[in-house]
Amino acid sequence: MNNLELVAIFERIADLMEIKGELVFKVQAYRRAAESLFLMVSDANQVLRDGKLEKIPGVGKAIAGKIEELLTTGKLGFLEELEKEVPPGLLEILKVPDVGPKKAALFWKQAGITDLNGLEVAASDGKLRTLPGMGEKSEGRVLDGIEALKRMSKRKLLGEAWPVAREWLEWLRQIPGVIKAEPAGSLRRWKSTIGDIDLVAAVINPEQVMELFTHHQQVARILSQGEKKSSVELKNGFNIQLWMQPPERFGTLWQYATGSKEHNVHLREIAQLNGYSLSEKGLLDAAGREHPFLDERSLYATLGLLWIPPELREERGEIQAALTGSLPRLIETDDLQGELHSHTDWTDGYATLEEMVEAARKKGFRFYGITDHSSGLGVAGGLNAERLMQQRHAVHSLQEKLGDSIHLLHGVEVEIRADGSLDYPDEVLAELDIVIASLHSGLRQPREIVTERLLKAMANPNVDIIGHPSGRLLPTREAADLDWEKVLDGALKSGVALEINSNPNRLDLDEVYARKANEMGILLSVDTDAHRPASLDLAVYGVSVARRAWVEADRVINTWPLEKLLGWLKSRK
DNA sequence: GCCGTTTTCGGCCCGACTGTTTTCAGTCG
């Protein structure tokens, strides 16, 4: 059993306990433990062997015992008992918007509903409206919620959400009375996947703006409408939530709506320690006076904290760092001096070598890596060694034409085969300027085997970068089941850089492992893996992963000046 | 169920919106 399976089990326990009506703090304890396991890089099996389960934050005697039982027997008596008491089918009705644990329990105990299908039938038959606290409207909301769930059960990708959000912000900003409009929520924190699009606005005439917002032609359905907050479902499947306050309260509103929830809870605890009560309206002091804030910086400062970049606001130590003045100076997209992972129509790219290089030049890059696929990746029309050398000549003659306006690095994205060997012999790889080794197949191999493959590839001195290390594809394809502690140790020992792939469908290295790698001193490379010129603009998403991983610019090899990068590449040979 | 430079017991954020209620519970973020 791996860490993610433990996470799923403890979340399941928390949900079931909540429906059962257990103390909320008990439920929260299980959720906290699940979050800790999610963030933990070490394999829980190893932590158990080391006798350190109770060192995990949020894990005490009781939960440690349950982890041990799960890891040693594969089962958990406590959960089996719980599932006898609470029908597990109820968990799927928790996913219905506006249905929480209390209503789930009500439907179950008073109407005998035990799964989503049962709920839909009961609602259609008008059997929910007679339950205590329910009525016709609530019954209708349940039906609407089930429909909504069917339409869009998945979270959206960050790269899909931003263009929609930008369009709406532009629209909002041209409305008279809207002083300011900005992104908030998980979008502003640049999470890899987004639930709703949260927007905030400083507004003089909230009633009018809310009317315009909820009656926008792209709105399919109004989910809620108030004077400070409204929520709509769009025809394109996105949900947008808009929060408003008068301009003088914009700082607290923006801070509040940006979250994360856990970050905000901690911030309010700090406020309490300082004798305040914090809400989106402002700070309330002990005398009951409200202190509004125009901007976030002054709010954080009043609480004795440095301003915290939104990407860090996940309650992962950022508040402590802001208290002690030890926040990192996060990497920015402008720090990137070049691209190291790209493709052309020599393999599965959509543009010629010349077109890709021209796009890179236009972006002002100092260097550019051309790394097409190796022969093993048949579906991508990978190059055999002979074709690779032909391409090398093409790159060299292009370089002659271009002079020193941009430095071209000719390399390859070489396939790591099922046995961990690479697609080209060492003498071919040794000739190249840069070598990225990637897994594309056999991602479902058992943990030991797939981990060993990666370790073997990293140990080859010709390999400079490991491309999209986990092989995940958002939101569908799971990452390879890697032993990350071993992978990161291997990277540290071999000195390879790990790629943060900027494609919104990958964002791989994941932020959790990127942060650990960064702490260990492993080098990173933020690359787009571009298959067409426009994709070079995706770097902002890879940078956002690095920022969420607390990464500073000098840890990322393609922020380096050309000479430093060339020196590093040379030293790898 | 976890946790502790104010606590080993008593805490564990705060408000908007909805729909059901006649002042509040449930859900959400």
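We name chains A, B, ... by the order of the sequence lines, and we start the count at 1 in each one. Since we're looking at a predicted model, the values are computed, not measured. Computed over heavy atoms, backbone and side chain alike; hydrogens, waters and symmetry mates excluded.
- With sequence neighbours excluded, the residues that form a side chain to side chain contact (heavy atoms under 4.5 Å, CB included) with A:S279 are A:K281.
- For B:dA16 and B:dG11, the C1' atoms lie 26 Å apart once the distance is rounded to whole Å.
- Atom name P, nucleotides B:dG26 and B:dT21: the rounded distance is 13 Å, in whole Å.
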Under 3.5 Å, which donor-acceptor pairs do the side chains of residues 55-70 of chain A form with other protein atoms, sequence neighbours left out?
from	atom 1	to	atom 2	distance (Å)
A:K66	NZ	A:Y30	OH	3.2
A:E69	OE2	A:G77	N	2.8

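- Counted by atom type alone, A:E280 and A:W243 present zero donor-acceptor pairs between their side chains at under 3.5 Å.
- Look at the C1' atom in both B:dT7 and B:dC3: the space between them is 10 Å, to the nearest Å.
- Nearest nucleotide to the side chain of A:I63, out of B:dC2, B:dC14, B:dG19: B:dC2.
- Under the 3.5 Å distance criterion, with hydrogens and angles disregarded, no donor-acceptor pair is assigned to the side chains of A:D115 and A:N117.
- Residue contacts shown for A:E262 are absent, as no nucleic acid heavy atom lies under 4.0 Å away.
- For the pair A:R472 and A:D508, the salt-bridge criterion is not met [side-chain N within less than 4.0 Å of a carboxylate O].
- Between A:S231 and B:dC17 there is no side-chain N or O to OP1 or OP2 distance below 4.0 Å.
- Taking atom P on both B:dT23 and B:dC28, the two are 26 Å apart, rounded to the nearest angstrom.
- Whole-Å rounding puts the A:L267 CG to B:dG15 P distance at 14 Å.
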Which atom pairs, one a donor and one an acceptor, fall under 3.5 Å between side chains of residues 168-184 of chain A and the rest of the protein, sequence neighbours left out?
from	atom 1	to	atom 2	distance (Å)
A:R173	NE	A:A181	O	3.0
A:R173	NH2	A:A181	O	2.6
A:Q174	NE2	A:W171	O	2.6

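- Residues A:Q225 and A:T214 have side chains that bring a donor and an acceptor to within less than 3.5 angstrom of each other.
- In this structure, CG of A:L283 is placed 12 Å from P of B:dG15, rounded to the nearest angstrom.
- Rounding to whole angstrom units, CG of residue A:L106 and C1' of B:dT20 are separated by 12 Å.
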Could you write out each protein N or O paired with an N or O of nucleotides 5-12 of chain B at a distance under 3.5 Å?
none

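- For the pair A:K228 NZ and B:dC14 P, the computed distance is 17 Å after rounding to whole Å.
- Comparing A:Q245 and A:E139, the nucleotide of DNA chain B nearest to each residue sits closer to the 5' end for A:Q245.
- Between the NZ atom of A:K66 and the C1' atom of B:dG1 there is a distance of 8 Å, rounded to whole Å.
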Under 4.0 Å protein heavy-atom contact, by nucleotide of nucleotides 23-29 of chain B - B base, S sugar-phosphate only: ---SSSB
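- Using a 3.5 Å distance cut-off with no hydrogens or angles, the side chains of A:N264 and A:E315 do not pair a donor with an acceptor.
- As judged by a 4.0 angstrom heavy-atom cut-off over every strand, A:K137 is placed among residues touching the sugar-phosphate backbone only.
- Pairing for B:dC17 goes to B:dG26, judged as Watson-Crick or G-U wobble with the two contacts each under 3.5 Å.
- The nearest whole Å value for the distance from the CE atom in A:M134 to the P atom in B:dT18 is 16 Å.
- B:dT7 takes the syn form, because its glycosidic angle lies no more than 90° either side of 0.
- Note on A:P57: only backbone sugar-phosphate atoms sit closer than 4.0 angstrom, heavy atoms only; bases stay farther off.
- Taking the C1' atoms as reference points, B:dC17 lies 25 Å from B:dC12, given to the whole Å.
- Between A:R313 and A:S260, the side chains place no donor N or O within less than 3.5 Å of an acceptor N or O (distance only, hydrogens not considered).
- Atom pair A:M210:CE and B:dT18:P shows a separation of 10 Å (rounding to whole Å applied).
- Under 4.0 angstrom from either OP1 or OP2 of B:dT20 there lies at least one side-chain N or O belonging to A:S138.
- Within 4.0 Å of A:G259, counting heavy atoms only, lies no atom of the nucleic acid at all.
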Intermediate values then yes/no, salt bridge (charged side-chain N to carboxylate O under 4.0 Å, His left out), A:E311 and A:R548: CA-CA 5 Å; A:E311 294 93 330; A:R548 287 176 60 82; over 6 Å; no
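- The residue among A:Q225 and A:I56 whose nearest nucleotide of DNA chain B lies closer to the 5′ end is A:I56.
- Residue pairs meeting the side chain to side chain donor-acceptor pair (under 3.5 Å) criterion with at least one member in residues 283-295 of chain A, sequence neighbours excluded, are A:R249-A:E290, A:D285-A:R289, A:D285-A:H291, A:D295-A:S298.
- Across the protein-nucleic acid pair, A:R31 atom CZ and B:dC2 atom P stand 15 Å apart, rounded to whole Å.
- Among the heavy atoms of the strands lying under 4.0 Å from A:S277 are primed sugar atoms or P, OP1, OP2 only; no base atom is included.
- When the C1' atom is compared between B:dG1 and B:dT8, the two are found 14 Å apart, to the nearest whole Å.
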